[in-house]
Student: 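Before we start, here is the structure in question, set down as structure tokens.
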Amino acid sequence: MRIIVVGNGGREHALAWKLTQSAPVDRVYCIPGNGGTATLAKCENAALSAEDFEGIAAFAKAHQVNLAVVGPEVPLALGITDVLTRHGIAVFGPTKAGAQIEASKAWAKALMEAASVPTAKAQSFTDAEAAVRYIQEEGAPIVIKADGLAAGKGVTVAMTEAEAIAAVNAAFQGKFGEAGDRVLIEEYLTGQEVSVLALTDGITIRALVPAQDHKRIGEGDTGPNTGGMGVYAPLPLITNALMSRIQLEVLEPVMEELRSRQIDYRGVLYAGLMITPEGEPKVIEFNCRFGDPETQAILPLLDTPLETLLMACAEQKLKEVGPIAWKPGVSACVVAAAGGYPDRYEKGHPITGLEAAAQLDTVVFHAGTAFRDGQVVTDGGRVLAVNALGGDFDRAFAKAYAAIARIHFQDCYYRHDIGYRVRGE
Ligand code: AMP
Ligand code: GLY
């Protein structure tokens, strides 16, 4: 089998790493990939843009590729799946119509309401005055969301009315470009956030082990939001009973609603859930792709061959594969970022200690790295993630932290408290 992985983050390195471990996979091409995928056995990078769909289609045909797996949301929202499918290429990832579930928060909210999926009460606005009136009626805390894709920066959790009004005004003044022409104003939820990623072929939907991300840059969940600073799986909070409810109350109704709209959704449906203090699962958002860094923590636990699952989704044969098998134990993943991230940071610093870290029975997934002149250098905000498996979270995190301490680059930053809810030491 020959597989294309579209994207250049840690998620894509994890996908390529897992795929290349299967004997039936001969070759993985990452488009454009990063320093990790450049140095992975059976894998190579192709210097094409993730948004050059015709170029990717031509590459797939020239290299007799069997499947294209799309990592990031932007190419999905721009219709990569529609283009590649027209060229007769099997794709893991929803069509442009399906990707709206992430690309428009108002669309996703309307879908949830139509499917009676539990979620925060919300209203959508296209003019500031009406939005401000609504904020004054509802009061704070309240959540303001730019409708469109804003690279994870479109959400303001406002603790005061003034903050909420400022966020609405910023959006309508163009802070997020077109993404902010419409805003969603949402009820503030409390509880624990959980990521439930599920694989679907449009009919059958099967959840992966639940994971918990740590989105804030600072220890104790403080400071600005990031793409995710560390994650662990599975999540003890999500009992089998709660997982069954999520399947029946969230995942299946969404698939049914998508089908009723003639949307053929094959790929990941990622539910960002809040588990309220009463233990109720409520959807905060959906993503149309694998999570990053959730994927780096989840895939090392997966026992069923990944290419079998992804191909079955693309070919609408997921039911035939049977239940997904998992390795015993737990997974811990800590992200190292460039100092200054998520604001300004530098690139191009050499990274050392990668082999020494991997010797501790861990996997180092590259995110913002590049391979230049025989050396791996920093090339992004979130630089890499160290993943360790263990019999329990204390042991898994001890390994991940011992390994990350061996990695050096200028201004390396990571949180020391990832997994604090499940670590006992
Ligand atoms: P998103 O970009 O949708 O992932 O939102 C970013 C973060 O904002 C989420 O991870 C939550 O921490 C927070 N958030 C979003 N919606 C709500 C809500 N309704 N109540 C409380 N926090 C929220
Ligand atoms: N880790 C959060 C995300 O992938 O959106």
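As the structure lists them, so they are numbered: ligands from 1, and atoms in each ligand from 1. Throughout, residue positions are numbered sequentially from 1 according to the sequence presented. Nothing here was measured: the structure is a model prediction, and the numbers come from that model.
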Student: How far is atom 5 (O) of ligand 2 from its nearest protein heavy atom, and which residue and atom name does that atom have?
Tutor: R289 NH2, 2.9 Å
Student: Of all the heavy atoms in R11, does at least one lie under 4.0 Å from an atom in ligand 2?
Tutor: no
Student: Has the side chain of R266 got a donor or acceptor atom that lies under 3.5 Å from a matching backbone atom of A314?
Tutor: yes
Student: As a check for students: among I284, N225, N287, identify the option with a heavy atom nearest to atom 15 (C) of ligand 1.
Tutor: I284
Student: Using a 3.5 Å cut-off on N or O atoms only, is A120 in polar contact with ligand 1?
Tutor: no
Student: Are any of the N/O atoms in E193 less than 3.5 Å from those in ligand 1?
Tutor: yes
Student: What protein heavy atom sits nearest atom 3 (C) of ligand 2, and how far off is it?
Tutor: Y270 OH, 3.5 Å
Student: If we only count N/O pairs under 3.5 Å, is K215 in contact with ligand 2?
Tutor: no
Student: Given E285, E186, K282, identify the one with the heavy atom nearest to atom 4 (O) of ligand 1.
Tutor: E285
Student: Is G228 close enough to touch ligand 2? Criterion: a residue heavy atom under 4.0 Å from a ligand atom.
Tutor: no
Student: So, the side chain of Q316 versus the backbone of D201: is there a donor-acceptor pair under 3.5 Å, distance only?
Tutor: yes
Student: Evaluating non-hydrogen atoms only, which member of V155, V143, I142 is closest to atom 8 (O) of ligand 1?
Tutor: V155
Student: Do Y270 and F286 have ring centres separated by under 6.0 Å?
Tutor: no
Student: Please check whether D292 reaches ligand 2 - meaning an N/O of the residue sits under 3.5 Å from an N/O of the ligand, judged on distance alone.
Tutor: yes
Student: Does at least one non-hydrogen atom of G272 fall below 4.0 angstrom from an atom of ligand 2?
Tutor: no
